[in-house]
2 protein chains.
Amino acid sequence: MPDLQPTFRALADPTRRDILHLLGGGDMTIAQVTDHFDMTRAAVKKHLTVLEQGNLIRVRPQGREVLNSLNAAALSPIRDWIGFFDQFWDTHLDALKNAIENKDLTHE
Amino acid sequence: MPDLQPTFRALADPTRRDILHLLGGGDMTIAQVTDHFDMTRAAVKKHLTVLEQGNLIRVRPQGREVLNSLNAAALSPIRDWIGFFDQFWDTHLDALKNAIENKDLTHE
DNA sequence: TTAATGTGATACCTTTTGGTATCCTATGAG
DNA sequence: CTCATAGGATACCAAAAGGTATCACATTAA
């Protein structure tokens, strides 16, 4: 089981989530990604580094350029983590259970 | 469609994710949650506030105490966001596609 | 009523984060 | 070869994050 922290961390920023969507459309160089945002290449590069640390993208040098590609598989452990909480879905049974346990049977 | 940012933000901290697991075992006061961590009540309270902003817990005063309860439903939009990327699962077709496009047909 | 207890709120500190500007290196086009 | 161009690396900055200590307030126990 991988360390989820770098991935959760990478997902916590809206720009980075946008980048993932962008890369869904195809591999991109850093310059190409930067064209879609109102910030410098250096800032985008930092986001890409965080995404790589979270295993969410693959970085592949191609001559002078560097292609960044989506690695959607990294989302699988995140989904699994969320899955643990499926058992806690509130079907309003909790509220009923609490009412009974608290013996709060007053009518208003 | 709710704003996912507060929820993603709340999930980005390991202590907060631990708190969610804790609350899966039942509602807890701030003091009870604090007992499980090596930090002050004030710090835990801050984490609980962030979790509440992310809609991941419900906070309910009960006399002098305050009960915190898990709201697993808040994870649903997150799961949906992740679901968008299902179409990008790498079945090694991407690698093949790139190889063809690049006409990189050298053997080794 | 008085004291203990559970919580809220604030000020403060340090580290991390998201961003810029700048300079350096490497590759590819003419 | 020369030089424009894609990136890497670093220093720097302001704001946010995670934590503590402290004090004030409300509720409950004695």
Side-chain angles (χ1 to χ4, degrees), chain A residues 3-23 26-69 98 102-104 106, chain B residues 3-23 26-69 98 101-104:
Chain A
D3 180 13
L4 297 184
Q5 181 54 24
T7 309
F8 268 118
R9 207 269 254 189
L11 292 175
D13 184 273
T15 298
R16 287 194 287 266
R17 295 197 299 277
D18 286 345
I19 290 176
L20 292 181
H21 270 111
L22 259 184
L23 294 182
D27 298 357
M28 281 186 171
T29 66
I30 298 181
Q32 287 173 324
V33 174
T34 303
D35 282 342
H36 289 80
F37 297 94
D38 188 28
M39 65 181 75
T40 64
R41 177 180 55 78
V44 169
K45 158 70 172 167
K46 281 191 183 180
H47 283 305
L48 290 171
T49 298
V50 174
L51 286 169
E52 189 184 13
Q53 287 168 347
N55 202 32
L56 286 159
I57 65 171
R58 304 285 172 175
V59 178
R60 166 171 38 104
Q62 192 112 38
R64 179 169 52 170
E65 303 180 335
V66 171
L67 281 184
N68 301 275
S69 56
N98 286 336
N102 294 336
K103 295 180 173 53
D104 182 6
T106 57
Chain B
D3 181 12
L4 298 183
Q5 182 52 26
T7 309
F8 269 116
R9 206 268 253 189
L11 292 175
D13 184 273
T15 298
R16 287 195 287 267
R17 294 197 299 276
D18 286 346
I19 290 177
L20 292 180
H21 270 111
L22 259 184
L23 294 181
D27 298 355
M28 282 185 164
T29 66
I30 298 181
Q32 287 173 323
V33 174
T34 303
D35 281 342
H36 289 80
F37 297 93
D38 187 28
M39 64 182 75
T40 64
R41 178 181 54 78
V44 169
K45 158 70 172 166
K46 282 191 183 180
H47 283 304
L48 290 171
T49 298
V50 174
L51 285 169
E52 188 185 12
Q53 288 168 346
N55 202 32
L56 286 159
I57 65 170
R58 304 283 179 192
V59 178
R60 165 173 38 105
Q62 192 113 39
R64 180 171 49 172
E65 303 180 336
V66 170
L67 281 185
N68 301 275
S69 57
N98 287 334
E101 287 175 347
N102 295 334
K103 296 182 172 51
D104 182 7

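A, B, ... follow the sequence lines: proteins, then strands. Residue 1 opens every chain.
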Answer yes or no: is there a donor N or O on one side and an acceptor on the other, between the side chain of B:Q32 and the main chain of B:T29, under 3.5 Å?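 Yes; judged by distance alone, with no hydrogens or angles, the pair exists.
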May I ask you to decide if B:R9's main-chain N or O and B:R16's side chain share a donor-acceptor pair within less than 3.5 Å? yes
Ignoring hydrogens, what is the shortest heavy-atom contact between A:T7 and A:D3? Give both atom names and the distance.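 In terms of heavy atoms, the two residues are closest at OG1-O, 4.5 Å.
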Are side-chain heavy atoms of B:L56 and B:L11 found at a separation under 4.5 Å? yes
Give the rounded distance in Å between these two atoms: [atom1] of [X] and [atom2] of [N].
X	N	atom1	atom2	value
A:D35	D:dT5	CG	P	14 Å
A:Q5	C:dT16	CD	P	13 Å
B:L48	C:dG6	CG	P	16 Å
B:N68	C:dG8	CG	C1'	13 Å
A:I30	C:dT27	CD1	P	15 Å
B:K45	C:dT7	NZ	C1'	8 Å
B:M28	C:dT7	CE	P	12 Å

Close N/O contacts between protein and nucleotides 15-22 of chain D (under 3.5 Å):
unit_1: D:dA17; atom_1: OP1; unit_2: B:R9; atom_2: NE; d: 3.3
unit_1: D:dA17; atom_1: OP1; unit_2: B:R9; atom_2: NH2; d: 3.4
unit_1: D:dG18; atom_1: OP1; unit_2: B:D13; atom_2: OD2; d: 3.3
unit_1: D:dG18; atom_1: OP2; unit_2: B:R16; atom_2: NH1; d: 3.1
unit_1: D:dG19; atom_1: OP2; unit_2: B:H47; atom_2: NE2; d: 2.2
unit_1: D:dG19; atom_1: N7; unit_2: B:K46; atom_2: NZ; d: 2.9
unit_1: D:dG19; atom_1: O6; unit_2: B:K46; atom_2: NZ; d: 2.3
unit_1: D:dT20; atom_1: OP2; unit_2: B:T40; atom_2: N; d: 2.8
unit_1: D:dT20; atom_1: OP2; unit_2: B:T40; atom_2: OG1; d: 2.7

If you measure from CG on A:L51 to CZ on A:R17, what distance do you get to the nearest 0.5 Å? 11.0 Å
Could you state the interatomic distance from CD1 (A:I30) to NE2 (A:H47), rounded to the nearest 0.5 Å?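 Here the interatomic distance stands at 13.0 Å.
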Side chain of B:R64, base of C:dT7: donor and acceptor closer than 3.5 Å? no
